[in-house]
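First the structure, in the form of structure tokens, and then the observations on it.
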Amino acid sequence: MYENPEYNAQGEKILCEENGKNSHMLMDVRVKKMEAGETLRLHAPEKETAVMLLAGNVTFLFEGREERAARRSVFADKPYCLHCCRGAEIEITAGESSRLLIQQTTNPREFDTVFYTPDMCTLQEFGSAQWNGTAHRKVLTVFDYDNAPYSNLVMGEVFHKPGCWSSYPPHFHPQPELYYYEFDKPQGFGVGFDGEECFKVGDQGYLAITPMNAHQQAAAPGYHMYYAWLIRHLDGDPWRKTRIDVPEHSWLMKED
């Protein structure tokens, strides 16, 4: 399902809720818009929380520690992200107009807080030598099962070239996944697939992907597309780079 909701009176876009909207995503995800001088306080007694800076300049205060983060845009800089276990008390103050992506889900485990900086994030390139470069993209991982096995969440970003494809070849997995999109121009657009359905996707919209549905993306020529990819591990079946290729397209992965 694709949607591009308006910001509510609290300056938030609600993308999914563990016990509400798009509950099949099994997590809470929202985008929070902040004005200069505004302070956001977060405290989730039963849920782990990840807060990633999309754009702007903010100060994180947690556990008596203060960390500053600045990002011109998702296209110009790598992210900062604060990841805390349940019960954490977080205070975020904006130094200028800013936007945050907030991801939460129920997790009874306790773990040490991690403040991810740009140099801690893994950036990989895929598709440069395949299919004449038409699926060449960069994929950034903030955290997943490899570096945060205690978490019930995965968070990453894709930087997608104009006119190209990503999340390709078509593939699926049992864990729910949500994409949040931004474009380098507000009129930018692309196409997102959720199984047999395809949707025109736009700036600051999102796609809630049905588990076990194939999901591949395309960007219109002339427009750089970005999307945050957010996965919820299943109990007993975490996403460990799980990828099941659609059988009729699996030949695309053969080297010859």
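Residues: numbered from 1 along the sequence shown. Nothing here was measured: the structure is a model prediction, and the numbers come from that model.
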Problem - Check: Y206 ring centroid to Y180 ring centroid under 6.0 Å - result: no
Handout entry: Pair F111 + H83: ring centers closer than 6.0 Å
Key =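 Ring-ring flag for F111/H83: true, centres closer than 6.0 Å.
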Exercise for the section: Could you note down all residue pairs passing salt bridge (charged side-chain N to carboxylate O under 4.0 Å, His left out) where residues 160-188 supplies at least one of them, sequence neighbours left out? Expected result: R99-E182
Handout entry: Donor-acceptor pair, side chain of K13 and main chain of P5, under 3.5 angstrom
Key =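 Answer holds: yes.
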Exercise for the section: Examine distances only and state if a side-chain atom of T113 and a backbone atom of L82 form a donor-acceptor pair shorter than 3.5 Å. Expected result: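 A pair under 3.5 Å: no.
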Linking I/L/V/M/F/W/Y whenever any side-chain heavy atoms sit under 4.5 Å apart, do [X] and [Y] land together?
{"X": "Y116", "Y": "F159", "result": "yes"}
{"X": "W239", "Y": "V29", "result": "no"}
{"X": "M155", "Y": "V158", "result": "no"}
{"X": "Y150", "Y": "Y145", "result": "no"}
{"X": "V58", "Y": "F62", "result": "yes"}

Go through the side-chain N and O atoms of [X] and [Y] and say whether any donor and acceptor fall under 3.5 Å apart.
{"X": "Y181", "Y": "Q217", "result": "yes"}
{"X": "N132", "Y": "T134", "result": "no"}
{"X": "S167", "Y": "Y179", "result": "yes"}
{"X": "Q104", "Y": "R30", "result": "yes"}

Of all heavy-atom pairs between [X] and [Y], which one has the smallest distance, and what is that distance?
{"X": "A69", "Y": "Y80", "answer": "CB-CG, 3.5 Å"}
{"X": "C164", "Y": "G133", "answer": "SG-O, 3.8 Å"}
{"X": "H24", "Y": "P176", "answer": "O-CB, 3.6 Å"}
{"X": "Q175", "Y": "H233", "answer": "CG-CA, 4.4 Å"}

Problem - Rounded distance [0.5 Å steps], CD in E18 versus CE in M25 - result: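 E18 atom CD to M25 atom CE measures 12.5 Å (nearest 0.5 Å).
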Completion exercise
Between the CD1 atom in I231 and the OG1 atom in T242, the distance rounded to the nearest 0.5 Å is 8.0 Å
Handout entry: CA sep, side-chain torsions, deciding dist, call: Y226, S73, side chain to side chain donor-acceptor pair (under 3.5 Å)
Key = CA-CA 10 Å; Y226 157 96; S73 76; over 6 Å; no
Crowded around [X] [atom1]? As in, over 12 foreign heavy atoms under 6.0 Å?
{"X": "N8", "atom1": "CG", "value": "yes"}
{"X": "K138", "atom1": "NZ", "value": "no"}
{"X": "R68", "atom1": "CZ", "value": "no"}

Handout entry: Positive for side chain to side chain donor-acceptor pair (under 3.5 Å) with N152, one of K47, E48, R109
Key = R109
Fill in the blank from the handout: Quick note, ring-ring contact (aromatic ring centres under 6.0 Å, His included) partners involving residues 28-60, not counting sequence neighbours, are F60-F115
Practice task
Check whether any side-chain heavy atom of H171 sits under 4.5 Å from a side-chain heavy atom of D245, and report yes or no.
Solution key: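 Side chain of H171 against side chain of D245, heavy atoms only: contact under 4.5 Å found.
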Exercise for the section: Determine, stepwise, if the pair E3 / K21 fulfils side-chain contact (heavy atoms from CB on, under 4.5 Å). Expected result: CA-CA 12 Å; E3 186 185 17; K21 179 179 179 180; 3.0 Å; yes
Practice task
Answer yes or no: is there an ion pair linking R72 with D77, defined by an N-O contact shorter than 4.0 Å?
Solution key: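 Judged by the 4.0 Å cut-off on N to carboxylate O distance, R72 and D77 do form a salt bridge.
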Practice task
Hey, can you tell me if W131 and Y168 have their rings parallel, tilted or perpendicular (30° and 60° cut-offs)?
Solution key: perpendicular
Output a table of donor-acceptor pairs, distance under 3.5 Å, between side-chain atoms of residues 189-203 and any protein atom two or more places apart or on a different chain; print 'none' if there are none.
from, atom 1, to, atom 2, distance (Å)
D194, OD1, T210, N, 3.2
D194, OD1, N213, ND2, 3.0
D194, OD2, M1, N, 3.2
D194, OD2, T210, OG1, 3.3
D203, OD1, F183, N, 2.9

